[in-house]
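What follows is a set of notes on a single structure, which appears directly below.
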Amino acid sequence: MKKSLNSIYVILAQKAKFCIRLAAAAVMVFAVSFPLCAVQKTIVLGGENGWNNIASMEGVTTGSGRYGFESIELETQSPSLDSETDLLLSFENGQAKDLAGKYVVVENHLVPSSESIKGKGAALSRGVDRGITLNAIDGEFTGTRLAGSFSIEFWINPSLAENGEKIYNWSTAMSYEDYSEYQTVNAVFANNRLEWKFKNVFPTYKSREVVLRGYRAIVPGEWSRHTISYDEETGCLEYLVDGNVESISYITSTGHENGTICVPIIGRHAKLELCPNFTGKIDNVRIKRSPCTENRADIFSTGNEPYRVEGGRFISRPILVTHAASLDSIDALMNVPGETAVKLFVRAGDNCYGWTDSYPAWTEVSCGYEIADVKGMYFQVAAELLPDGMGKTTPSITQLTLNYTEAELPLPPFIVNAESGDGQVTLTWSYSVDDTAAGYYVYYGTRPGEYLGRTAVEGASPVKAGNTTSITLTGLKNGTIYYFAVSSYSSIDGRLRGELSREVYARPSKHLVKR
């Protein structure tokens, strides 16, 4: 019977040893997979939190992304103002307003349209109203004076292109020498082509009316760019469609390049009507006090691109994490259509105040792939968005998730004691049970929870005690109560301090007798 019991004990002991080994192995696997000295964390840019953490944006804007969240996408090539712009109507965001501030809208029957050629908005004329009417208040074409060089430009997408449809109608009154005349500039469809007429605009020219006719038919349902350009240096007046010269006339005494130039003279109170009886869309109407100087071969290829082919970029603000943090990877929720691209860059450091555009250096990373050697107290992210080769399609980013590893704060000592002496206090504590604790800091002060002491010979609070379990602070004032706490600092990074221990107190006195 005793032998049987001994056998049972042996079997049970063997099973117990096996279980202990198994448990130990499991603990080892867990420790390897999830280091006890590090914590996995994430930072989310975008998504439901929005893009409030962006420092700069160039060539990009916000739009509607995945799941209804705000995204970042390329900015469309909206027209820009310059010192020579006299009128600029872009119809952005459904607004019909002269961005140059020199014309005022007095009547508008155009309907906003999202089907634009430039920017995010155009205007639709339904052919049954009188389009939009503007009065000049401080522009080039106001006041009787020499006008000099000018250019007129707009984009149209006609629905019909029928004879008699009028796109542009400018009119005013002009007094010249001993007579007065009405002046007009209009553009009207004739045989599916646009015909421009300038009446009494060049009063010294042999013909009071100048006509420029296009020779290519305008295709309904397609956008085309129409430009009138007059150069006062040469007297050249020309009409271009999509950058190609359709008609040209020299407003000189001979009608050729070598004649005396007949300059335009403009009257007062100019009125401009756009699309007074036109069915179709119009966009980006501009009048400038300069001739068209663009490279003719590039006008259509570049002007018709909704997005800049060089793309856009945004940079986040430096994101504070903690000491000893390492960026592991980036996950992204984004839409990248064919031929478009998104390039991500990261950098890190312990102090972001000396950062420049190029320092510290940016590291290009790929979504979902491991990132090496990007460590510090601050992280920063940048992204480049690139359209397709034709500038027709934009990628978008809805959310970026930064996955990083943060060193865990070491635990404080569990036991802390304070013993008063003559002008001094001796503190003792137990070692931290945390293996990552490399040493200890001692905090002191004269108010509970406020460790702002500066009188100890050993230094101002906190005093670095090193890897020991006791310290005596001297030079303290007898009769004054002092409060103390101890924290551990990390073996991974000595700047990384854990939470404070429980608070203890002591009152130094020269009358204390140690028993």
Side-chain angles (χ1 to χ4, degrees), residues 31 34-43 318-327 348-353 375-379 404-509 512 514:
F34 302 92
L36 297 179
C37 61
V39 180
Q40 302 293 320
K41 292 188 176 182
T42 61
I43 297 171
I319 303 167
L320 176 63
V321 280
T322 182
H323 295 293
S326 175
L327 185 59
D350 290 332
N351 189 335
C352 69
Y353 297 103
K375 302 176 181 179
M377 187 175 176
Y378 291 89
F379 293 152
Y404 67 100
T405 301
E406 185 180 84
E408 191 174 38
L409 298 176
L411 295 172
F414 289 153
I415 299 174
V416 179
N417 293 305
E419 184 175 346
S420 300
D422 184 3
Q424 65 183 34
V425 171
T426 298
L427 291 164
T428 59
W429 57 86
S430 61
Y431 279 111
S432 171
V433 297
D434 197 327
D435 291 340
T436 65
Y440 304 91
Y441 278 95
V442 174
Y443 296 75
Y444 69 96
T446 57
R447 294 176 63 86
E450 296 182 7
Y451 307 114
L452 307 177
R454 293 182 175 273
T455 57
V457 174
E458 289 69 25
S461 176
V463 177
K464 189 174 182 179
N467 192 18
T468 184
T469 57
S470 67
I471 190 174
T472 298
L473 298 183
T474 61
L476 303 182
K477 186 177 180 180
N478 286 332
T480 299
I481 188 170
Y482 292 88
Y483 298 86
F484 305 90
V486 180
S487 73
S488 307
Y489 60 83
S490 175
S491 60
I492 300 173
D493 187 337
R495 299 169 298 177
L496 190 61
R497 306 173 193 175
E499 295 181 1
L500 297 178
S501 68
R502 71 179 182 89
E503 187 178 82
V504 295
Y505 63 90
R507 192 187 298 271
S509 174
L512 293 173
K514 187 175 181 179

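Everything numeric here is computed off the predicted structure, so don't read it as measured data.
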Does the pair W429 and I415 meet the rule for a side chain to side chain contact (heavy atoms under 4.5 Å, CB included), with working shown? CA-CA 5 Å; W429 57 86; I415 299 174; over 6 Å; no
Stepwise, does the ring-ring contact (aromatic ring centres under 6.0 Å, His included) test hold for F484 with Y443? CA-CA 6 Å; F484 305 90; Y443 296 75; over 10 Å; no
Hey, is the main chain of G459 close enough, under 3.5 Å, to the side chain of R454 for a donor-acceptor pair? no
Which atom pair, heavy atoms only, marks the closest approach of P412 to S501? CB-N, 3.7 Å
Check: T446 and I481 side chains under 4.5 Å, non-hydrogen atoms: no
Any side-chain heavy atom of E499 within less than 4.5 Å of one from S488? no
Any side-chain heavy atom of Y482 sitting closer than 4.5 Å to one from T455? yes
Determine whether a donor-acceptor pair (N or O, by modelled atom type, separation under 3.5 Å) exists between the side chain of S420 and the backbone of R507. yes
For R447, is the CZ atom crowded, meaning more than 12 foreign heavy atoms sit under 6.0 Å from it? no
Does the side chain of E503 reach to within under 4.5 Å of the side chain of P448, using non-hydrogen atoms? yes
Audit row: L427, N417, side chain to side chain contact (heavy atoms under 4.5 Å, CB included) steps and yes/no: CA-CA 6 Å; L427 291 164; N417 293 305; over 6 Å; no
Would you check, one step at a time, whether the test side chain to side chain contact (heavy atoms under 4.5 Å, CB included) holds for N478 with D422? CA-CA 7 Å; N478 286 332; D422 184 3; 2.9 Å; yes
Test Q40 against T405 for side-chain hydrogen bond (donor to acceptor under 3.5 Å, both in side chains), laying out the working first. CA-CA 5 Å; Q40 302 293 320; T405 301; 3.1 Å; yes
L411 and V433: CA distance, side-chain angles, deciding distance, side chain to side chain contact (heavy atoms under 4.5 Å, CB included) verdict: CA-CA 7 Å; L411 295 172; V433 297; 3.9 Å; yes
Determine whether the aromatic ring centres of residues Y451 and Y483 are separated by less than 6.0 angstrom. no
Non-hydrogen atoms of N467 and A438 that approach each other most closely: CB-O, 3.3 Å
Counting C-beta onward and ignoring hydrogens, is there a side-chain heavy-atom pair between P413 and Y440 closer than 4.5 Å? yes
Contact between L473 and V463 at the side-chain level, heavy atoms closer than 4.5 Å - yes or no? yes
Taking the ring of Y489 and the ring of Y441, is the distance between their centroids below 6.0 Å? yes
Taking atom OH as the centre, does Y431 end up with more than 12 heavy-atom neighbours from other residues, nucleotides or ligands that are less than 6.0 angstrom away? yes
Provide the closest heavy-atom pair for I43 versus V321 in the form atom of the first, atom of the second, distance. CD1-CG1, 3.4 Å
Would the number of heavy atoms belonging to other residues, nucleotides or ligands and lying under 6.0 Å from CG of D435 be above 12? no
Are any side-chain N or O atoms of D350 and backbone N or O atoms of M377, one a donor and one an acceptor, separated by less than 3.5 Å? yes
So which atom in A418 and which in Y505 form the shortest heavy-atom distance, rounded to 0.1 Å? CB-O, 3.9 Å
Scanning both residues in full, the closest heavy-atom pair of I471 with A465 reads CD1-CB, 4.2 Å
Heavy-atom side-chain contact between T474 and E458 under 4.5 Å: yes
Kindly determine whether T426 and T472 satisfy side-chain hydrogen bond (donor to acceptor under 3.5 Å, both in side chains), including the steps that lead there. CA-CA 4 Å; T426 298; T472 298; 2.9 Å; yes
Just wondering, do Q424 and L476 contact through their side chains at under 4.5 Å, heavy atoms? no
Does L320 have more than 12 heavy atoms from other residues, nucleotides or ligands lying within 6.0 Å of its CG? yes
Looking only at heavy atoms, the pair that brings R497 and L409 closest together is O-CD2, 3.3 Å
Take D434 and T436 through the test side-chain hydrogen bond (donor to acceptor under 3.5 Å, both in side chains) and record every step on the way to the result. CA-CA 5 Å; D434 197 327; T436 65; 2.8 Å; yes
